[in-house]
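Right, one structure below, let's go through it.
A, B, ... follow the sequence lines: proteins, then strands. Residue 1 opens every chain.
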There are 2 protein chains.
Amino acid sequence: MRKPESSPSIPAPGEGKRGEEGYLGYLLRQAAGAHRLKVDRALADLGVTQPQFVTLTMLAAYPGLSNADLARLALLTPQTLSVIVTNLERAGSLLRKPHAVHGRIQHIELSATGQALLRQCRDRVHAIESELTAGLSAPEERAVRRWLVGVATADTTEA
Amino acid sequence: MRKPESSPSIPAPGEGKRGEEGYLGYLLRQAAGAHRLKVDRALADLGVTQPQFVTLTMLAAYPGLSNADLARLALLTPQTLSVIVTNLERAGSLLRKPHAVHGRIQHIELSATGQALLRQCRDRVHAIESELTAGLSAPEERAVRRWLVGVATADTTEA
DNA sequence: CGCATAATGTCAGAGCTCTTATATTTTGTT
DNA sequence: AACAAAATATAAGAGCTCTGACATTATGCG
């Protein structure tokens, strides 16, 4: 079927407002969505989502974090992380050690299967990751990184 | 309450792997999430979300688009756009003209209230938008834009 | 004309993310 | 010791986003 030509002059994904002249926020949203989808599809057969991969990676680097710790680390709310952790626990990828010497805090660690799963995911994600830097010069990549960190850490309470 | 010091040497949001040395994909995810949240909160009292704002903006620029058109434009699936359009329709911000000379296609247009709502949103989003470019030199901004477009338009079917 | 192909739209199910609200525990102050 | 404040965890409700599946309609070819 041919496209019914609903409207004229709709820009293609790289042109006009959808290209380098568009709103930065719009471009940021699109880029992040495209990347998330790419990662999700690369890990789909392992049953792992991008947020789950991030959480597994954080737990591998810092075993014993609490739900609240993870949320702070990922810049997400504790409620959000709780959903992700619950799903990972149901899949057997991590363990909650409910006790902890002090507190009602639950320490979370990767299970053996979780560690194996993470190893499987890593190669695929790294491959996608390396595509991200293709076409960037060293100073450009530095500028991009600095900008991303700035956007992520810009406090909500400021101007 | 003092933090129970669950684990040592957890990096703050701008440091180590969470800073300019981290994975680009991770930084991209964090930056987009922070920006989305900022926009969502700025528009919360109007009952408008970031995806809804994007959809309203696209419809203002190209009235009469179909659901499928919008999905292609936003790099989202038709199902996703359908949810957003349904919510906007329920709020009275847009109209579906079910008929269209040919086809089962439904042309979508902003209602008067939708246009007024969009005008209200624009100022707030533009204010946030201008923060995004603060601290970027002209060549840096160009590099960032070029990179974002490249990431968004990188085809899934390529290497 | 009749059928395959493609495009549109929709439903159901799963996961992520936020807000709001509640219960529990720990710390700090009086 | 008692109470207030802070932190942790969790649940409910809403919205966004994907996959998979399905029905409907339009185009193109035999």
query = Among all residues two or more places apart in sequence or in another chain, which pass the side chain to side chain contact (heavy atoms under 4.5 Å, CB included) test with A34(B)?
reply = none
query = Quick one: I105(A) CD1 to dA9(D) C1', roughly how many Å, whole number?
reply = 10 Å
query = dG15(D) C1' sits how many Å from F53(B) CZ, rounded?
reply = 18 Å
query = Does R96(B) have a side-chain nitrogen or oxygen under 4.0 Å from the phosphate oxygens OP1 or OP2 of dT10(C)?
reply = yes
task = For K97(B) and dT8(C), give me the distance from atom NZ to atom P, rounded to whole Å.
result = 20 Å
request  = Measure from CG on L70(B) to C1' on dG9(C) and round the result to the nearest Å.
outcome  = 13 Å
Name each donor-acceptor pair under 3.5 Å that joins a side chain in residues 74-82 of chain B to protein atoms two or more places apart or in another chain, with its distance.
residue : atom : partner : partner atom : Å
T77(B)  : OG1  : T80(B)  : N            : 3.3
T77(B)  : OG1  : T80(B)  : OG1          : 2.9

task = Return the value, rounded to whole Å, for the distance between atom CG of N67(A) and atom P of dT10(D).
result = 7 Å
ask   = Whole-Å distance between dA7(D) P and Q106(A) CD?
value = 18 Å
request  = Answer yes or no: is there a side-chain heavy-atom contact under 4.5 Å between L24(B) and E129(A)?
outcome  = yes
inquiry  = If the condition is side-chain hydrogen bond (donor to acceptor under 3.5 Å, both in side chains), which residues does S111(B) pass it with, not counting sequence neighbours?
reply    = T113(B)
query = Which pairs count as side chain to side chain donor-acceptor pair (under 3.5 Å) when at least one residue sits in residues 115-125 of chain A, sequence neighbours excluded?
reply = D45(A)-R124(A)
request  = Any chance you could list the contact pattern along nucleotides 16-23 of chain D? Use B for base contacts, S for sugar-phosphate-only contacts and - for none, protein heavy atoms under 4.0 Å, 5' to 3'.
outcome  = SBBBBB-B
task = Output every pair passing ring-ring contact (aromatic ring centres under 6.0 Å, His included) with a member in residues 38-59 of chain B, not counting sequence neighbours, ordered by first then second residue.
result = none
